[in-house]
2 protein chains.
Amino acid sequence: MDIKMLCLGALSLGDATGYDIKKLFDEAFSHFFAAGYGSIYPALEKLTEEGKVAYDRHQQEKRPDKKVFSITAAGREVFIAELTQTPPREKLRSEFLVLMFFAHLLSPPRLAEILQERLDESQRELAMLEDLTKREMPAGMKFTVHYALAATHAAIVCIKEHQQDLLRDARVIVNQCARPKSPGEQHA
Amino acid sequence: MDIKMLCLGALSLGDATGYDIKKLFDEAFSHFFAAGYGSIYPALEKLTEEGKVAYDRHQQEKRPDKKVFSITAAGREVFIAELTQTPPREKLRSEFLVLMFFAHLLSPPRLAEILQERLDESQRELAMLEDLTKREMPAGMKFTVHYALAATHAAIVCIKEHQQDLLRDARVIVNQCARPKSPGEQHA
DNA sequence: TAATCCATGTAATAGGTTACATGATTCC
DNA sequence: GGAATCATGTAACCTATTACATGGATTA
């Protein structure tokens, strides 16, 4: 399951330009898959070569020409076959948790900043997801929003719960390091 | 923040072989960063060239030689500098949610299978994380476990809540498609 | 006796990110 | 007047995955 397949999926919902597909990645897909123009346009080119999509050139008066892509019958078949054999994996890559794992190496103000930034970001995501719940969509799509909402909410609660304790601990550790060592404590 | 930095982080906790570091990735890091031997060994090689780590060769009688890596003073500095300037991002890549997003293209049995597999996998993760909570560790590390626990738990609850509804909807849609179309409904 | 643990690595490839390059239009 | 929207793409680079290759020791 790569960006090519997600583009095919996007086109299974209706015809679109590369630009449109990017918007889909930024909105509907954003909480579970990321892509930029640098991957989307080459992906569409390869799919075209493979006969899985085709495009019509739409001339516009006051805009550059558009390439409006559609999925072909072959493309739809390949996409459904792919869905049928893709295992339902999930992989998180969290720089935030790396920072927290090594929190004992951070200064207390930096730690406070990290927690606050993540909290703010999570709250922005929450707002975006709550906005999405208002749109009409099939049950499966709706589920992805609920799922992301639940995870984001849980994250926010967890950060708020531990924030004070983590910062208190950080200050204590800094104080211990600042205090001159008594003899025999070097190899503690 | 790449695998090189995570290796440096691992060595900031104590000397280790490439093999040991892999175990750390599979246990303590597993819920927020992934890596295999194919990335760890080259990373350690580059870090050695850059003077951020060094190794001692330990001969063993009944085993192949070990390379025991240690972080250098320079390496520790670089690592802390990196921690200080890394933004606390978080990125999910979920094939599971892609499948759910396109659930309307799946057969009901396949959909049921996907939900069950994800549930089982989440429950395995939950068990692993609960096991980790029993170990003694600094507050920051403990937090990463609580955070992952909260997210995984929320995911499980969410799947259980929607499982029945999703499957019911899927059956309805299949029935609609199976039913012969009445005239004039082709372009609905 | 089969699987798992210990222990190291390479090579080919896939895959994606980032920055660059262009340019009119419309909204604030 | 400046930012955002619409619209397309390329090229260099970096990173990581996968499969391969080896092999003794221990545990079930």
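Quick note: numbers below take in every heavy atom, side chains included, and nothing from hydrogens, waters or symmetry partners. Note on naming: letters A, B, ... go to the chains in the order of the sequence lines (proteins, then strands), and numbering restarts at 1 for each one.
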Within less than 4.0 Å of OP1 or OP2 of [N], is there a side-chain N or O belonging to [X]?
X	N	value
Lys67(A)	dC6(D)	no
Lys22(A)	dT8(D)	no
Arg93(B)	dA16(D)	no
Thr17(A)	dC6(D)	no

> Does a side-chain N-to-carboxylate-O contact under 4.0 Å join Glu121(A) and Arg124(A)?
Replying inline: yes
> Under a 4.0 Å N-O cut-off, is there an ion pair linking Asp165(B) with Arg168(B)?
Replying inline: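 Here Asp165(B) pairs with Arg168(B) in a salt bridge, since their nearest N and O are under 4.0 Å apart.
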In this structure, how many angstroms lie between the [atom2] atom of [N] and the [atom1] atom of [X], rounded?
X	N	atom1	atom2	result
Glu95(A)	dT17(C)	CD	P	13 Å
Asp20(B)	dG9(C)	CG	P	13 Å
His58(B)	dA7(C)	NE2	P	11 Å
Asp65(A)	dT25(C)	CG	C1'	16 Å
Asp15(A)	dA7(D)	CG	C1'	17 Å
Lys66(B)	dC5(C)	NZ	P	16 Å

> Among residues 1-14 of chain B, which residues get a heavy atom nearer than 4.0 Å to DNA chain D?
Replying inline: Asp2(B), Ile3(B)
>> Near DNA chain D, counting only heavy atoms under 4.0 Å, which residues of residues 33-50 of chain B show up?
In response: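 Nucleic-acid contacts, sorted: Gly38(B), Ser39(B).
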> Listed by chain and number, what are the side-chain hydrogen bond (donor to acceptor under 3.5 Å, both in side chains) partners of Asp65(B), not counting sequence neighbours?
Replying inline: none
> In terms of the nearest nucleotide of DNA chain C, which residue is placed more toward the 5' end: Lys91(B) or Phe69(B)?
Replying inline: Phe69(B)
>> Just checking Tyr147(A) against Phe96(B), ring centres under 6.0 Å apart?
In response: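 Tyr147(A) vs Phe96(B): aromatic centres under 6.0 Å.
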> Would Ile80(A) end up clustered with Ile114(B) when hydrophobic side chains under 4.5 Å apart are linked, directly or stepwise?
Replying inline: yes
> Is it true that Tyr55(B) and Leu8(B) fall in one hydrophobic cluster, defined by side-chain heavy atoms closer than 4.5 Å?
Replying inline: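 Result: yes, single cluster for both.
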>> Once you apply a heavy-atom cut-off of 4.0 Å, does Arg57(B) come out as touching a base, just sugar-phosphate, or nothing?
In response: nothing
>> Less than 4.5 Å apart, side chain to side chain, heavy atoms only: is that true for Leu6(B) and Met1(B)?
In response: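 The answer is yes, as the side chains (C-beta and beyond) meet within the 4.5 Å cut-off.
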> Between His146(A) and His162(B), how do the two ring planes meet: parallel, tilted or perpendicular, split at 30° and 60°?
Replying inline: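 Ring orientation of His146(A) relative to His162(B): parallel.
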>> Nearest to the Tyr19(A) side chain among dA7(C), dT17(D), dA7(D), which nucleotide is it?
In response: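 Of all the options, the side chain of Tyr19(A) is nearest to dA7(D).
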> Nearest to the side chain of Lys23(B), which nucleotide is it out of dC6(C), dT17(C), dT8(D)?
Replying inline: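 Of all the options, the side chain of Lys23(B) is nearest to dC6(C).
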>> For Tyr37(A), does the six-membered ring have the charged nitrogen or CZ of Lys22(A) within the cation-pi criterion, i.e. under 6.0 angstrom from the centroid and within 45° of the normal?
In response: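 Cation-pi check for Lys22(A) and Tyr37(A): passes.
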